[in-house]
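I have placed the structure first, in the form of structure tokens, so that the comments after it can refer back to it.
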Amino acid sequence: MAIRFYNTLTRKKEPFHPLEEGKVRLYTCGPTVYNQAHIGNFRTFLFEDVLKRFLTVRGHQVLHVMNITDVDDKTIRRSREEQVSLTELTTRYTNRFFADLKRLRIRPADRYPRATEHIGDMIATIQKLVERGYAYPTDDGSVYFSIQAFPGYGKLARLNLDQMQSTERIQSDDYTKDAPMDFALWKGWKPEDGAVAWDSPWGKGRPGWHIECSVMSTKYLGEEFDIHCGGVDNIFPHHENEIAQAECASGQGFARYWLHSEHLLIEGGKMSKSRGNFYRLDDVLKEGYPPEAIRYVLLNGHYRSKLNFSWDRLREATQVVKRVAGFYRRLMEIDPAYRPPEQLPLTPVGEAFLDALDDDLDVPEALAVFFDWMRKTNQELDHSQLSAEEVRRRLDTLFLVNEIMDWLPSETRTAIPVDVQELVEQRQQARTETDWAKADTLRERIRALGWEVKDTPKGPVVTPR
RNA sequence: GGCGUCGUACCCAAGUGGUCUAAGGGAGCGGUCUGCAAAACCGCGAUUCAUCGGUUCGAAUCCGAUCGACGCCUCCA
């Protein structure tokens, strides 16, 4: 089956064809680095990670750009509160962000452009918009985009501009502008901005939020590119405004496919920084759950459906990930020399797995294929029906799936401590003497130390609990 | 007020006109194996897809109404 994605722009699943055969240019909205991202944010980044891995496995060369928003209202406010410079604050949280990405095994983007490093590019684009009549400066040194100058405004969010009700927030906006829906491209300096200011043709100030994405995406990916991703809450106003800015500045199309991931809910409600009902990655890891389990929880569900986070689900995920790890170890025991080849062969099961993903990244369907196969393979292993060659093929399949899911335990497993090893030996001794009570007690002690001992025909196997 | 999404077993979750008397996972129960366990495997588990009505030869899938949940409408992944 050919790859199809649900495009927010058309609200339909469409066959996916990149502009240039075999190459995909991808832009994903990155974090605003004013505090640590929560796991809801990572749901989106994980979705994008799987999207990218999938496209790569399907033979596309993906060029991925993710922005870092390091200047906006929140970053400025936060740096004032903490009495540190904007750069100090944003550097701190940018580093945290990268560390979290690594822990979740999210593959890095090719570029992470920062807003503050592209002020000149943004000013140039804003100037172009003013010259072409899409934007206008105001007395306070700001520049606004005039939405009525762009007939396409509202095409992504499907807004009915006439029936829009202006909310209190718009009315209380303390910048001056012609129409309530017009949005800022450039914000004139205000005292609370402190030292955060750049010179521009309109005086001191700083860029508006939306302009950075239009400018940086087109700078690195070209004026028209393939895929733009983000959370659903970015559809309006952020992405709508990006389209307006980019299309008016270039006179061409902008992103061709818009993919939006749904929210992670907590106790049935939206998790967001402003509500304070969120967990950070640290909050979850410190409870002892492995990163693979968190990856699994956040990926186990279609990206366009809401996903409810709970500790129950995390426990469930831990079980699943353990089961997959056990399966992996079982195969590796038969063929310890196996290493996944650079170019993994496409086995029939691997193909079925990817087939499911072809349909708008249907991860649950793909996992069903995987689990079915895993059960059958375990069955074959129980009856030792597999040849060495067949085992290698199974490992190829497992690694192909892992290329997308990345849920196998890391190779750098902690070595079994000496005291645990001694207890295991003592227990073996007790077992040969058929002193079952002693053996059971020792198993409990090993367990208390965080290790699990299983008796197999080949002897005891010790794994971390 | 406008726009939109969703409601499938104890829990999570695919499927969106016939192959569905509905995948897969977790939990539970019974069994094989085991000194006992663990792991793995086998079996059990929705005649039914929020409710009601309609379209159709045929609906979980389309249409309408009702109930319920959630989101967006310039902080938001």
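Every chain is numbered from 1, with letters handed out A, B, ... down the list of sequences.
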For [X], answer base if it contacts any base atom (sugar-phosphate contacts may also be present), sugar-phosphate if it contacts only those atoms, and nothing otherwise; contact means non-hydrogen atoms under 4.0 Å.
X       : value
G40(A)  : base
K454(A) : base
L264(A) : base
H302(A) : sugar-phosphate

Rounded distance in Å - [atom1] ([X]) to [atom2] ([N]):
X       : N      : atom1 : atom2 : result
L265(A) : C70(B) : CG    : P     : 9 Å
F236(A) : U5(B)  : CZ    : P     : 18 Å
L314(A) : C12(B) : CG    : C1'   : 13 Å
I235(A) : A77(B) : CD1   : C1'   : 11 Å
M374(A) : A39(B) : CE    : P     : 13 Å
I266(A) : C12(B) : CD1   : P     : 15 Å
R330(A) : A38(B) : CZ    : P     : 16 Å

Pairwise [atom1] distance, [M] and [N] [rounded to whole Å]:
N      : M      : atom1 : result
C76(B) : G53(B) : P     : 46 Å
U5(B)  : U16(B) : C1'   : 15 Å
A60(B) : A69(B) : P     : 26 Å
A27(B) : C11(B) : P     : 16 Å
C20(B) : A77(B) : C1'   : 36 Å
C70(B) : C12(B) : P     : 15 Å
C49(B) : C44(B) : P     : 22 Å
G28(B) : A9(B)  : C1'   : 13 Å

Which of these, D282(A), D283(A), N41(A), sits in a side chain to side chain donor-acceptor pair (under 3.5 Å) with Q36(A)?
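Filter result, single survivor: D282(A).
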Determine the sole option in L298(A), N300(A), T318(A) for which the side-chain contact (heavy atoms from CB on, under 4.5 Å) test with R313(A) is passed.
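With R313(A) as partner, side-chain contact (heavy atoms from CB on, under 4.5 Å) holds for just one option, N300(A).
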Residue from R206(A), R78(A), E192(A) passing side-chain contact (heavy atoms from CB on, under 4.5 Å) with D73(A)
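So, applying the side-chain contact (heavy atoms from CB on, under 4.5 Å) to D73(A) and each of R206(A), R78(A), E192(A), only R206(A) qualifies.
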Please name the residue in the list F97(A), F98(A), Y220(A) that meets the ring-ring contact (aromatic ring centres under 6.0 Å, His included) test with Y112(A).
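When F97(A), F98(A), Y220(A) are each tested with Y112(A), the ring-ring contact (aromatic ring centres under 6.0 Å, His included) holds only for F98(A).
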Taking salt bridge (Lys or Arg N to Asp or Glu O under 4.0 Å) as the cut-off, I'd like each qualifying pair that reaches into residues 315-325 of chain A, sequence neighbours left out, listed once.
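Qualifying pairs: D312(A)-R315(A).
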Does CZ in R445(A) sit with more than 12 non-hydrogen atoms of other residues, nucleotides or ligands closer than 6.0 Å?
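No, because the 6.0 Å sphere around CZ of R445(A) holds 12 heavy atoms or fewer from other groups.
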More than 12 heavy atoms of other groups within 6.0 Å of Q148(A) CD
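No - once you tally the heavy atoms of other residues, nucleotides and ligands closer than 6.0 Å, there are 12 at most.
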Using the six-membered ring wherever Trp is involved, compare the ring planes of F309(A) and Y279(A) and label them parallel, tilted or perpendicular (cut-offs 30° and 60°).
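Taking Y279(A) first and then F309(A), their aromatic rings sit tilted (interplane angle of 30° to 60°).
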So if I apply the salt bridge (Lys or Arg N to Asp or Glu O under 4.0 Å) rule between D49(A) and each of R295(A), K102(A), R107(A), R105(A), which one comes out positive?
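That would be R295(A).
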Ring centres under 6.0 angstrom apart ([X], [Y]):
X       : Y       : result
F150(A) : Y134(A) : no
Y136(A) : F145(A) : no
Y257(A) : H228(A) : no
H239(A) : H260(A) : yes

Specify the residue among C29(A) and R313(A) whose closest nucleotide of RNA chain B lies further upstream toward the 5′ end.
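Here R313(A) is the residue nearer the 5' end.
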When you match Q379(A) and V232(A) each to their closest nucleotide on RNA chain B, which lands nearer the 5' end?
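The residue mapped nearer the 5' terminus is Q379(A).
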Pair R58(A) + D358(A): basic N to acidic O under 4.0 Å
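A salt bridge links R58(A) with D358(A).
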Pairwise N/O distances under 3.5 Å, protein to nucleotides 26-31 of chain B:
| residue | atom | partner | partner atom | Å |
| --- | --- | --- | --- | --- |
| G26(B) | OP1 | R323(A) | NH1 | 3.2 |
| A27(B) | OP1 | Q319(A) | NE2 | 3.3 |

Look at the side-chain N and O atoms of [X] and state whether any lies under 4.0 Å from the OP1 or OP2 oxygen of [N].
X       : N      : value
S305(A) : A14(B) : yes
N234(A) : A77(B) : no
N41(A)  : A77(B) : yes

Atom pairs under 3.5 Å, N or O on each side, protein against nucleotides 34-36 of chain B: can you list them with distances?
| residue | atom | partner | partner atom | Å |
| --- | --- | --- | --- | --- |
| G35(B) | N7 | R431(A) | NH2 | 3.2 |
| G35(B) | O6 | R427(A) | NH2 | 3.2 |
| G35(B) | O6 | R431(A) | NE | 3.2 |
| G35(B) | N1 | D440(A) | OD1 | 3.2 |
| G35(B) | N2 | D440(A) | OD1 | 3.4 |
| G35(B) | N2 | D440(A) | OD2 | 3.0 |
| C36(B) | O2 | R443(A) | NH2 | 2.6 |
| C36(B) | N3 | R443(A) | NH1 | 3.3 |
| C36(B) | N3 | R443(A) | NH2 | 3.4 |
| C36(B) | N4 | D455(A) | OD2 | 2.9 |

Kindly indicate whether a cation-pi arrangement holds for R77(A) with Y34(A), taking the cut-offs as under 6.0 Å to the six-membered ring centre and within 45° of the axis.
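No, R77(A) does not lie over the aromatic ring of Y34(A).
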Report all side-chain donor-acceptor pairs from residues 365-373 of chain A shorter than 3.5 Å, counting only partners two or more places apart or in another chain.
| residue | atom | partner | partner atom | Å |
| --- | --- | --- | --- | --- |
| D372(A) | OD1 | R375(A) | NH1 | 3.3 |
| W373(A) | NE1 | T377(A) | OG1 | 3.4 |

Dot-bracket line, read 5' to 3' along RNA chain B, where crossing pairs take [ ] and | marks a partner on another strand, Watson-Crick or G-U under 3.5 Å
(((((((..(((.....[.....))).(((((.......))))).....(((((..]....))))))))))))....
Table of protein N/O atoms under 3.5 Å from nucleotides 16-20 of chain B N/O atoms:
none

